[in-house]
Participant: 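Let me begin by handing over the structure; questions about it come next.
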Amino acid sequence: MSLWKIAWRSIQQRALASALTAFDMGLGVALVVSVIVIHNVIDQSFRRGSQGYDMIVGAKGGKLQLVLNTVFHMSEPIENIPYSYYREFTDGRFANAVEAAIPVCMGHAYKDCQVVATTPNMFEDLTYMGDQQYEFADGENFRMDEPFTAVIGSVASKRTGLGVGSTFRPVHPGSVEAIGQNGNTGNATGDNNHHQPIKIVGVLKHTGTPNDGAIFMNMEGFFRFPCHSGGPASTENFMSKRKVDDKFQKKKYETADAHKNTPVNTIMPDLGEHAYGPGGNVHHYETADKDKEITAILICTDMSKPKLAMVLPDVVNGEEVAQAVMPTRVITELFDGIVGNVQLLLLILAVLVVVVAGVGILVSIYNSMSDRRHEIAVMRALGASRVTVGTIILLESIMLSLGGGLFGLAVGHALVGVLAPTIAEQTGVIVGAFQFQWQELILIPGLLVLATLVGYLPAMSAYSTDVAKSLAAGQ
Amino acid sequence: MLYLTKIKKSFDEPGGGKLPILDIPDFRLDKGEQMALVGRSGCGKSTLLYVVSGISRPDSGGVKVGEWDITLFTEAECDRFRAEHIGYVFQTFNLLSGFSALENVMLGMRFARKRIRKDRAKHLLDRVGLSHRMTHRPSQMSVGEQQRVSVARALANAPNLLLADEPTANVDSGHQQQVVDLLRDTCREEEVSLIVVTHTPEVAEQFERIDNLEHINRAVEIK
């Protein structure tokens, strides 16, 4: 008969008290597991989003706002940048340093889902989560020659009920039409909307990125909306930044001159005259292009030319038109600086709950000691040493802690399993009940240490039991 | 087998000072010998058993069991010696309520750090007439059955000496004789020396040797 069995029998003797104590510990551990999983969900949802491109170029302003808006489709766009600046990355000064440049226009929504205007290249040139290609669960990618078409993310499709063949009218968030779409006032069909209906031609497969919750429409159609074409329906939001464009036209070449003799020119020889051409008037875009504005450009730098790629952000930031941010760096800063600290706080609180549960085990076992002193004395009289009876009490504490801990692990993961569909819908991150995090491995040795600490006091009480007195008291 | 020399034991008094409990110049028990130890309450019978079994240490004197003087042992050595060489039967049986009859018997083997022999535990329970009660918990057994389990437990490690502290005190008169017979017969079969502390004259009278502790304990006179 092992000491484990003796300890287990002792637990069985006080079944209700033991079960409640272990349950208390289980709840604490379930809380820790939940925090760890939530931490992972937030971490993944933040870090996954930026994959596929390594730089974002957008209007000068807050870096975080640019990343949140462009990558996560959250927050408001900062400002717009001229479409002509985007052309610098496709066939202009910066083209040699860039493998892919995807323009995006934000600021529209449909039923709480961001509508992102872009080009079909978004799903052809960019990858996600490493090198995974975007695929369509239904339909196909939109084409440039069909301006009023769009594709929709898997989560957005479920949320809005839109599928291939459906049409929708994007609205400006906060507008009367938007309120109508959300069912508060107005009507859901968007009859008051001045935008043309957009047809869904493809539903993206689930990617686990923020793109799952967005709708991607053809940018050509976006520019043909009355509010964006400089027509009578122009809005402040999208066309009032003409001064930025003017400034860009003026400053671009000043900056270019300034850079002529900088190391940029020496390490980016390919840009050379092409980048800072004579007279500074390199490109002559169509007038229509000059009127266009976009929110940001997703840049995939050319890794075969690392020096160019490295210097590109400095060049962009050196000009007054736009800023270049590295989304991974911004996300890491956000995560480590704010989100990480909040989660650390949550984790500390959860660990404190486990410690309190551990103290509960201490109190439970310690309170039982007065009842068990006679039993311990009998074991001593039968030849059990002080160390043996102390060990039995320690094992009891360990069994309660580990039992409660394993129960908590099961509850925590069951909870994750139950919440998985909601998490997937809200964040796009797929989590499963059996998805374990490495941090959870710390729980077991952590619980063992805690059990040893909380079991020490009652074990010492058992250790120091006066056998003769306790036997006499039990007669 | 058991040899006590110049044993003295006293307890601390609440107001200070010492209260002498035992002062036994000489006490012997031969191998396989069975005796009854009598005396009024408070004369030190239980304390003597504690000293003999190593549960309590004497203030002075020697306690030799077989060839070992247990007063020279460390506490851990004493515990192990007790587990392996001394059996104990309590007045209130002191079976552990969470364990079955068989497990209670095997518990003693566990503490002796000997190989746990389930067959011996079963044999002992069979010997005390409880082969049909092996899986029963103490609460599911009668008082007489519990005492028989405690006898089997005391003999589990084939001790040299069995100490029984008023083993019939909580047993009705009808079962007293059964308990005494069981103790004497099994000890005889196992060649175990036996000391039975009792207040019951009918029980004491069955032993060839009856020692009154009041006569051999000088501390009683001092008190």
Side-chain angles (χ1 to χ4, degrees), chain A residues 1-19 364-365 368-397 399-400 403 459-460 462-475, chain B residues 9 11 21 41 46-47 49-51 53-57 74-100 102-114 116 118 121 137 139 150 153-154 156-157 159 163 165-166 169-170:
Chain A
M1 181 180 297
S2 66
L3 294 183
W4 286 103
K5 188 170 184 180
I6 297 171
W8 173 242
R9 283 295 159 83
S10 178
I11 289 172
Q12 283 181 316
Q13 276 290 95
R14 299 173 295 110
L16 181 62
S18 300
S364 169
I365 298 178
S368 74
M369 290 309 291
S370 56
D371 299 332
R372 298 165 60 187
R373 211 164 289 283
H374 180 69
E375 192 175 284
I376 289 164
V378 171
M379 285 197 266
R380 290 292 317 280
L382 292 176
S385 67
R386 287 180 189 273
V387 174
T388 301
V389 293
T391 304
I392 290 170
I393 301 298
L394 263 185
L395 292 179
E396 204 176 309
S397 170
M399 286 168 90
L400 283 175
M460 283 310 294
Y463 183 90
S464 57
T465 296
D466 186 318
V467 181
K469 272 187 189 172
S470 300
L471 284 175
Q475 297 286 337
Chain B
K9 175 72 180 172
F11 290 148
I21 299 295
S41 293
S46 293
T47 304
L49 295 192
Y50 292 156
V51 167
S53 62
I55 290 172
S56 290
R57 283 180 178 272
T74 63
E75 189 184 57
E77 287 169 339
C78 223
D79 290 334
R80 188 162 181 182
F81 183 82
R82 182 165 62 251
E84 292 177 357
H85 299 282
I86 297 174
Y88 217 113
V89 176
F90 300 91
Q91 178 183 336
T92 48
F93 329 133
N94 287 337
L95 298 179
L96 298 187
S97 53
F99 296 82
S100 68
L102 186 63
E103 288 169 337
N104 262 288
V105 176
M106 290 195 295
L107 201 62
M109 295 177 176
R110 170 63 185 81
F111 297 137
R113 296 186 194 175
K114 284 181 176 175
I116 295 175
K118 200 171 183 178
R137 300 271 173 100
S139 59
S150 78
R153 181 178 66 183
N157 292 321
L163 308 171
D165 193 356
E166 301 189 41
N170 286 309

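Here is the naming used below: chain letters follow the sequence lines, and residue numbers restart at 1 for every chain.
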Participant: What part of B:Ser56 gets within 4.5 angstrom of chain A, counting heavy atoms only: side chain, backbone, both, or neither?
Facilitator: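 B:Ser56 touches chain A through side-chain heavy atoms alone.
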
Participant: If I take atom CG from residue B:Leu107 and atom CG from residue A:Leu382, how far apart are they, to the nearest 0.5 angstrom?
Facilitator: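 Output value for this atom pair is 6.0 Å.
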
Participant: Need one label for B:Glu75: side chain, backbone, both or neither, based on atoms under 4.5 Å from any heavy atom in chain A.
Facilitator: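 Only the side chain of B:Glu75 comes within 4.5 Å of chain A.
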
Participant: Among the options A:Lys5, A:Arg386, A:Gln12, pick out the one with the most heavy-atom pairs lying under 4.5 Å from chain B.
Facilitator: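 It is A:Arg386.
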
Participant: Counting only heavy atoms closer than 4.5 Å, note whether A:Ser10 contacts chain B via side chain, backbone, both or neither.
Facilitator: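 Neither the backbone nor the side chain of A:Ser10 comes within 4.5 Å of chain B.
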
Participant: Show the numbers, then the answer: is there a side chain to side chain contact (heavy atoms under 4.5 Å, CB included) between B:Asn94 and A:His374?
Facilitator: CA-CA 9 Å; B:Asn94 287 337; A:His374 180 69; 2.5 Å; yes

Participant: Need one label for A:Ser385: side chain, backbone, both or neither, based on atoms under 4.5 Å from any heavy atom in chain B.
Facilitator: both

Participant: Grab the two heavy atoms, one from A:Thr388 and one from B:Phe111, that are nearest each other, plus how far apart they are.
Facilitator: CG2-CE2, 3.9 Å

Participant: Looking at B:Arg110 and A:Ile6, what are the two nearest heavy atoms and their distance?
Facilitator: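 Smallest interatomic distance, heavy atoms only, reads CG-CD1, 4.2 Å.
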
Participant: How close do B:Gly98 and A:Gln13 get, heavy atom to heavy atom, and via which atoms?
Facilitator: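 That would be CA-OE1, 3.2 Å.
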
Participant: For B:Tyr50 and A:Val467, run side chain to side chain contact (heavy atoms under 4.5 Å, CB included): C-alpha distance rounded to whole Å, both residues' side-chain angles, the deciding distance at 0.1 Å, then the answer.
Facilitator: CA-CA 9 Å; B:Tyr50 292 156; A:Val467 181; over 6 Å; no

Participant: Just by distance, do the side chain of B:Arg82 and the backbone of A:Ala381 share a donor-acceptor pair under 3.5 Å?
Facilitator: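 Answer holds: yes.
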
Participant: Which region of B:Ser97, side chain (C-beta onward) or backbone (N, CA, C, O), has a non-hydrogen atom less than 4.5 Å from a non-hydrogen atom of chain A, or is it both or neither?
Facilitator: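 B:Ser97 touches chain A through backbone and side-chain heavy atoms alike.
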
Participant: Quick one: does A:Met379's side chain get under 4.5 Å of B:Leu96's, heavy atoms only?
Facilitator: yes

